[in-house]
Structure formats: C-alpha cells, structure tokens
Amino acid sequence: MAKIQFSRGLDEEVIPEVRLTRSRTGDSGTATFIFTNPKILDQGTTEDITGMYLIDEEGEIVTREVKGKFVNGRPEGLEAIYIMKSAEEWERFIRFMERYAQENDLGFSKS
C-alpha cells in the first residue's frame with residue numbers, strides 16, 4: 001500500500017525518477033523525485049498541491065519542498081526534495097522506497 005500523493009486523498013499514478021545522495025557518514029541524505037506530467041497537474045490547478053506525501057503501512061513521510069516545471073506557461077512536471085537528517089530517517093525512507101518499488105515493479109541502479 002505504498003503510494004505518493006501531492007494532495008491528500010489523491011494518489012499520484014505517474015512513477016517518478018528518484019535520485020538519492022547520502023553523506024559519507026551515513027547520517028543524512030537527500031532524495032530528489034522528478035515527475036514528468038504528473039496526474040495532479042491534469043487537474044488544471046496547482047493550488048491543490050500541499051506537499052509530497054509518501055504513505056505506507058508505517059505512516060507518512062512529508063516534504064513541502066515541491067517545485068513546478070513550466071514550459072511555455074504550461075505545467076510539465078514536478079520536482080520534490082526530501083531531506084533526511086538522521087540515519088533513522090534514511091532507514092525509514094528506504095523501507096518506504098522498497099515497498100513502493102515492489103508495488104510498481106521498479107529497480108535500483110547505482111551511478
């Protein structure tokens with residue numbers, strides 16, 4: 001039941017590209033989510049976007065760092081950044097991503 005929402009109650013169907021970075025000490029990290037033409041933008045209004053919510057059976061991870069990408073005045077994509085400030089937040093995020101990847105048949109590749 002791992003899902004991503006930008007507005008509570010409205011599941012995002014577009015699968016994002018996710019880029020991860022982690023500090024050398026392992027006590028912090030950043031996840032960047034890139035959505036191309038997400039469903040939330042089809043609604044015709046970006047006012048409904050209140051953040052990015054990563055929801056699974058453990059609860060909810062929230063970030064308010066969501067930016068729109070516009071081409072010729074029309075919304076084309078979203079970029080959301082989630083910053084993890086502890087090893088515990090990193091582990092929690094990884095558990096969410098494992099569930100999300102399993103439900104959406106995603107893989108992981110190191111750069």
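We use all heavy atoms of the structure for the numbers below, so side chains are in, but hydrogens, waters and symmetry mates are not. These numbers were taken from a predicted model, which means no experiment stands behind them. Along the sequence shown, the residues carry numbers beginning at 1.
- Checked against side-chain hydrogen bond (donor to acceptor under 3.5 Å, both in side chains), R99 has the following partners two or more places apart in sequence or in another chain: D56, E57, E58.
- Residues satisfying the side-chain contact (heavy atoms from CB on, under 4.5 Å) criterion with Q102, sequence neighbours excluded, are absent altogether.
- No single ILVMFWY cluster, assembled from side-chain heavy atoms under 4.5 Å apart, contains both V62 and Y100.
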Could you go through residues 8-25 and list every donor-acceptor pair under 3.5 Å that involves a side-chain atom there, pairing it with any protein atom two or more places apart or in another chain?
from	atom 1	to	atom 2	distance (Å)
R8	NH1	E60	OE1	2.8
R8	NH1	E60	OE2	3.1
R8	NH2	E60	OE2	3.3
D11	OD1	Q5	NE2	2.6
E12	OE1	K39	N	3.3
E12	OE1	I40	N	3.2
E12	OE2	V14	N	3.1
E12	OE2	K39	N	2.7
E13	OE2	K39	NZ	3.2
E17	OE2	R19	NE	2.8
E17	OE2	R19	NH2	2.9
R22	NE	G26	O	3.4
R22	NH2	G26	O	3.0
S23	OG	T25	OG1	3.2
S23	OG	G26	N	3.2
S23	OG	D27	N	3.3
S23	OG	D27	OD1	3.2
S23	OG	S28	N	3.4
S23	OG	S28	O	3.4
S23	OG	S28	OG	3.4
T25	OG1	D27	OD1	2.5
T25	OG1	D27	OD2	3.4

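- To the nearest 0.5 angstrom, I61 atom CD1 is 10.5 Å from I55 atom CD1.
- Residue pairs satisfying the ring pair (Phe, Tyr, Trp, His ring centres under 6.0 Å) criterion with at least one member in residues 2-25, sequence neighbours excluded, are listed as follows: F6-F35.
- The aromatic rings of F93 and W90 sit tilted relative to each other, their planes meeting at an angle between 30° and 60°.
- Under the ring-ring contact (aromatic ring centres under 6.0 Å, His included) criterion, Y53 pairs with no residue, sequence neighbours left out.
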Using residues 69-85 as the side-chain source, report each donor-acceptor pair under 3.5 Å to any protein atom, sequence neighbours left out, with the distance given to one decimal.
none

- Start with the C-alpha distance between T63 and L54, add both sets of side-chain angles, then the distance that settles side-chain contact (heavy atoms from CB on, under 4.5 Å), and finish with yes or no. CA-CA 9 Å; T63 181; L54 310 176; over 6 Å; no
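- Expressed to the nearest 0.5 Å, how far CZ of F33 lies from CE of M97 amounts to 5.0 Å.
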